[in-house]
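Notes follow the structure.
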Amino acid sequence: MLSMRKSQRKDFLEAFSVLQWILTFLFLGLTCIILTVALMFTSLWLLPTLYFIWLLIDWQTPEKGGRRKASVRRWKIWEHYRDYFPLKLVKTAELNPNKNYILGCHPHGIMSIGAFGCFNIECCGFSEAFPGMRVTLAILAGLFRIPIFRDYLMAAGLCPVSKASLGHLLSRRGPGNAVVIVIGGAAESLASRPGVQTVVVKQRKGFVRLALEFGADLVPVYSFGETELFRQVAFSEGSLARRLQDLFRKVSGFAPCLFIGHRWALLPSRTPVTTVVGRPIPVPQRVAPTDEEVERYHQLYVDGLSNLFHEHKVSCGLPESHELCFM
């Protein structure tokens, strides 16, 4: 009976940990905006006024590495978050702490749960697997303009996926930096659905140019199971709903996916997510990389990602016949 109670308690803690993260992902930013604006019209107006003054002073901090808090990244709740699926990090090669790296993570899925769990919180053993490396997950830059929410994101160690931010991480902090970019972004999230492995990378070459400019080696990463977590209501190409999704994505950089979870409409399925970190692709430093160089290393990256997928797909639960679709 005691064992059963413990099991039920563990199940609740895991579900709660994932639910709080999803609610944070979906609603915390909007809540922070509403709260700060609403307070301006109350007797507490001085609090948001002082905060906005501070915000102006602190505006560039996210572009300069932010201010991560190790305590936030090591919250006990993240261990329950990891165990819910569970999440697993697989290392295939060493990362040299005397070099810098750009890790391209695929696929985006609905919420990039594998990338967040393996690279942004200390629950999957990245620091132990790659000693001497400092990992940073880069996300949509506009989120760092939201009052209060931005401070939470920085405390968790997140940084904007802007050239200024990435350049700072790859040049001003010395070696030993691993910058993680979810390459497919919002466009890839719209293509996410169970049973399909689709990555948006054919026209995404800015990260390769950045790697050449700073001499950062490229590392393909694939999160097996990411697209199995939610069922998405997919709208056909050309439909009004899909055109509105694409318009919103182009304007805001965020895709409003209509998805359905496994429990309570929001919780994802308990599908294992295995994030495999591939072998580094050596990249020389070029002050002004040519288009030919960008094309060459982009193709090497795509080939590396394809090889990584096919090498590990069976061990990560996919059939041998499963293919990776490039868009």
Contacts under 3.5 angstrom, residues 109-123 side chains, donor-acceptor by atom type, not counting sequence neighbours:
{"from": "S112", "atom 1": "OG", "to": "H108", "atom 2": "O", "distance (Å)": "3.1"}
{"from": "N120", "atom 1": "ND2", "to": "A156", "atom 2": "O", "distance (Å)": "3.3"}
{"from": "E122", "atom 1": "OE1", "to": "S127", "atom 2": "OG", "distance (Å)": "3.1"}
{"from": "E122", "atom 1": "OE2", "to": "R73", "atom 2": "NH2", "distance (Å)": "3.2"}
{"from": "E122", "atom 1": "OE2", "to": "S127", "atom 2": "OG", "distance (Å)": "3.4"}

K88, NZ: over 12 other non-hydrogen atoms inside 6.0 angstrom: no
For the [atom1] atom of [X] and the [atom2] atom of [Y], what is their distance to the nearest 0.5 Å?
X: T92; Y: L308; atom1: OG1; atom2: CG; result: 6.5 Å
X: L103; Y: L218; atom1: CG; atom2: CG; result: 9.0 Å
X: F25; Y: L143; atom1: CZ; atom2: CG; result: 8.5 Å
X: L153; Y: I148; atom1: CG; atom2: CD1; result: 12.0 Å
X: S7; Y: D11; atom1: OG; atom2: CG; result: 6.5 Å
X: D217; Y: L95; atom1: CG; atom2: CG; result: 9.0 Å

Sequence neighbours excluded, every pair satisfying side-chain hydrogen bond (donor to acceptor under 3.5 Å, both in side chains) that has a member inside residues 316-326: none
side-chain hydrogen bond (donor to acceptor under 3.5 Å, both in side chains) contacts in which one or both residues fall within residues 21-32, not counting sequence neighbours: none
P62 and M154, any side-chain heavy atoms less than 4.5 Å apart: yes
Side chain proximity check, F16 to I77, heavy atoms < 4.5 angstrom: yes
Name of the residue among V90, V273, T274 meeting side-chain contact (heavy atoms from CB on, under 4.5 Å) with C316: T274
Do [X] and [Y] sit within salt-bridge range, that is, some charged N less than 4.0 Å from a carboxylate O?
X: E63; Y: R145; result: yes
X: K163; Y: E213; result: yes
X: K64; Y: D58; result: no

Listed by chain and number, what are the side chain to side chain donor-acceptor pair (under 3.5 Å) partners of [X], not counting sequence neighbours?
X: Y81; result: none
X: E295; result: K205
X: N307; result: none

side-chain contact (heavy atoms from CB on, under 4.5 Å) assessment of L229 paired with F85: CA-CA 9 Å; L229 302 178; F85 302 95; 3.9 Å; yes
Charged tip of K91 within 45° of F130 ring normal and under 6.0 Å: yes
Whether Y301 and H106 hold their rings parallel, tilted or perpendicular, with breakpoints at 30° and 60°: tilted
